Amino acid sequence: MISVVGLGYIGLPTALMFAASGEQVVGYDRNEQIIHMLQQNTLTIDEPGIKEIYKKALPYIEFSSELMASDIYIVAVPTPYNKNSKKINPYLVIDAVEEIVHDCPSDAIVVIESTISPGTIDVYIRPIVNRIEQEKGKKVHLVHAPERIIPGSMIRELRNNARTIGADDSRIGTLIKSKYSLFCEGDIILTDIKTAEMTKVVENTYRDVNIAFANELSKICHVAGIDVNEVIRIANMHPRVSILSPGPGVGGHCIAVDPWFLVGDYPQLAKLILAARTVNESMPDFVMERMAFVMREHHIHNLERVGIYGLTYKENIADTRESPSLQLLDKMQKHMAFGVKVYDPYVMNDIVENQYHDFKQFVSSIDFLVIMVAHDEIKTAESEIGDKIILDCRNVIHSQKVYRL
Ligand code: SAJ
């Protein structure tokens, strides 16, 4: 039996994939409300394809707020991020592993999927596991199989992405590989734990550096009077060039966070990584400068006539963690710039001031629209926003008249 510990964005879809492949699964979470909802057949996250997988999984899965004895435990608890110290807090992972190792049968395998700073297992987790092993006279095997799936496409990526499995013992690694192979059609690469920890962080850092390059190019092209998106489109036709898209900043809990682990642990060496983070973090300021420029050019003096489109960290999802729009609003407040209107079709609760929930009402209350997120809705709304002044930070509006970054 497999216990999946932590039923959030990663744990729940992973538990469902195992169960839909015929494995007996217990989904465990300390949050009784989540367990109650799942026991009442209410899915707690929405992702394309999840309902179908859930139906297939139902005969093989149960949900519990008590940890049950299993052969394999998959830890997918969150790693909260402290914006000021730029560090994640590994204590939820440490607590989960400690609880498991206390209760599990000897020879159980504990697979950590949560993203952790390289070295976390050796520094924090192994000593606790070793101590409990000695106290209780049992053996526990540690594995790190970092999640790699992208919000908005999780089920598809769980099925198709390659995976990394880091284990101390190749026999254990091979066994866990055979479990993930039940639903994962991508390559599954076996390695050691430290390499798996580093690889995960390197993947997200690579993406951050690539986006920073695009963002820096957008600033250069702005001064040079060239359309950066056209430059990137043409450059990417070269067989060995693949530049990502510039935007108003990098949000989410992964790309904007993981590179800091390398900067924090290797400050003398991680210079390019720090520079990339600095460029990406400067983008909300750049948006604010561009907004001020457009407002001056059009003699707009009242921020109540300005609307921010999008609050989530990226398109077509409801997640607002570290979102560039929230960063922008925060910066505006620090400059005593109040009154802008805000709208996001995916954010149902009021999380900022002057938040609208109806697109037409939002658009009719403003003269100047700042597009921060490329939700599908805005791509097809060109006729409704035709006469507005637009700053398009995501290159979604194709009219000649819009301002870009
Ligand atoms: N962004 C740009 N330009 C781009 C691409 C993204 O500005 O060309 C921005 C997005 O708008 C967003 C941020 O970057 O604000 C991050 O979005 P994302 O789509 O790049 O990535 P995440 O954070 O949703 O998911 C990433 C993925 N990592 C990689 O692609 C290497 C995912 O596979 C990981 O599982 C996830 O991090 C994670 O949990 O670590």
Side-chain angles (χ1 to χ4, degrees), residues 6 8-11 13-14 45 47 76-79 81 88 112-118 144-164 184 186 196-219 228-229 232-233 235-236 242-261 276-277 279-284 286-287 309-328 344 346 371-375 378 392-396 404-405:
Y9 290 102
I10 301 299
T14 305
I45 60 169
E47 271 287 323
V77 296
T79 37
Y81 171 64
I88 51 152
I112 297 169
E113 276 217 20
S114 309
T115 303
I116 44 180
S117 179
H144 184 41
E147 60 85 10
R148 277 176 152 180
I149 50 179
I150 200 146
S153 200
M154 286 182 157
I155 300 296
R156 193 171 57 82
E157 294 214 345
L158 272 168
R159 196 172 285 127
N160 297 319
N161 283 8
R163 296 197 73 108
T164 319
C184 172
E197 286 177 324
M198 183 60 94
T199 305
K200 162 71 201 207
V201 169
V202 162
E203 289 161 8
N204 282 351
T205 303
Y206 165 79
R207 196 158 166 84
D208 197 45
V209 171
N210 193 331
I211 297 168
F213 180 56
N215 283 335
E216 189 160 282
L217 287 180
S218 83
K219 292 181 178 179
V228 67
N229 296 296
I232 292 176
R233 189 179 72 81
N236 280 352
S242 183
I243 307 167
L244 288 167
S245 306
V250 170
H253 187 59
C254 313
I255 308 271
V257 172
D258 297 2
W260 286 116
F261 305 159
R277 271 286 76 230
V279 170
N280 287 339
E281 287 199 340
S282 76
M283 293 313 287
F286 188 50
V287 174
Y309 179 89
L311 271 171
T312 60
Y313 87 83
K314 67 176 187 180
E315 65 283 359
N316 304 327
I317 59 165
D319 192 336
T320 58
R321 287 178 300 175
E322 326 296 329
S323 99
S325 298
L326 292 178
Q327 292 175 39
L328 172 68
D344 191 305
Y346 286 84
I371 300 175
M372 294 288 283
V373 185
H375 292 310
I378 194 77
D392 179 2
C393 305
R394 293 286 186 179
N395 196 30
V396 285
R404 300 189 193 278
L405 280 182

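We count ligands from 1, going down the list as the structure has it; atoms in each ligand are counted the same way. Computed from a predicted model, the values in this text were never measured in an experiment.
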Under-4.0 Å heavy-atom contact with ligand 1, by part of Arg394 that carries it:
side chain
Out of [options], whose heavy atom is nearest to [atom]?
{"atom": "atom 5 (C) of ligand 1", "options": "Met154, Arg207, Met372", "value": "Arg207"}
{"atom": "atom 34 (C) of ligand 1", "options": "Thr205, Asp208, Ile149, Val373", "value": "Ile149"}
{"atom": "atom 31 (C) of ligand 1", "options": "Ile211, Asn204, Asn215", "value": "Asn204"}
{"atom": "atom 2 (C) of ligand 1", "options": "Cys393, Gly247, Ser245", "value": "Ser245"}

Report yes if the side chains of [X] and [Y] come closer than 4.5 Å at any heavy-atom pair, otherwise no.
{"X": "Thr312", "Y": "Asp319", "result": "no"}
{"X": "Arg404", "Y": "Asn229", "result": "yes"}
{"X": "Pro246", "Y": "Leu217", "result": "no"}

Testing the basics here: between [X] and [Y], what is the closest heavy-atom pair and its distance to 0.1 Å?
{"X": "Asp392", "Y": "Asn395", "value": "OD1-N, 2.9 Å"}
{"X": "Asn215", "Y": "Gly247", "value": "OD1-N, 2.8 Å"}
{"X": "Asn204", "Y": "Cys254", "value": "ND2-CB, 3.4 Å"}

Distance from [atom] to nearest protein heavy atom, with residue and atom:
{"atom": "atom 19 (O) of ligand 1", "answer": "Lys314 NZ, 2.9 Å"}
{"atom": "atom 39 (O) of ligand 1", "answer": "Glu147 OE2, 2.5 Å"}
{"atom": "atom 22 (P) of ligand 1", "answer": "Tyr313 OH, 3.5 Å"}
{"atom": "atom 33 (O) of ligand 1", "answer": "Arg148 O, 2.7 Å"}
{"atom": "atom 21 (O) of ligand 1", "answer": "Ile255 CG1, 3.6 Å"}

Could you tell me, atom by atom, which parts of ligand 1 come under 4.0 Å of a heavy atom of [X]?
{"X": "Cys254", "value": "23 (O), 36 (C), 37 (O), 38 (C), 39 (O), 40 (O)"}
{"X": "Glu203", "value": "31 (C)"}
{"X": "Ile150", "value": "19 (O), 21 (O), 24 (O), 25 (O), 27 (C)"}

Looking only at N/O atoms, are [X] and ligand 1 under 3.5 Å apart anywhere?
{"X": "Lys200", "result": "yes"}
{"X": "Glu157", "result": "no"}
{"X": "Gly251", "result": "yes"}

Can you tell me if Phe213 has over 12 outside heavy atoms packed within less than 6.0 Å of its CZ?
no
Nearest 0.5 Å please: distance from the CD1 atom of Ile10 over to the CD1 atom of Ile149.
4.0 Å
Test your reading of the model: is there a side-chain donor-acceptor pair from Glu113 to the backbone of Ala76, 3.5 Å cut-off?
no
Check for a donor-acceptor pair, side chain of Arg394 on one end and backbone N or O of Met372 on the other, with a separation under 3.5 Å.
yes
Using non-hydrogen atoms of the residue, decide whether Glu322 is closer than 4.0 angstrom to ligand 1.
no
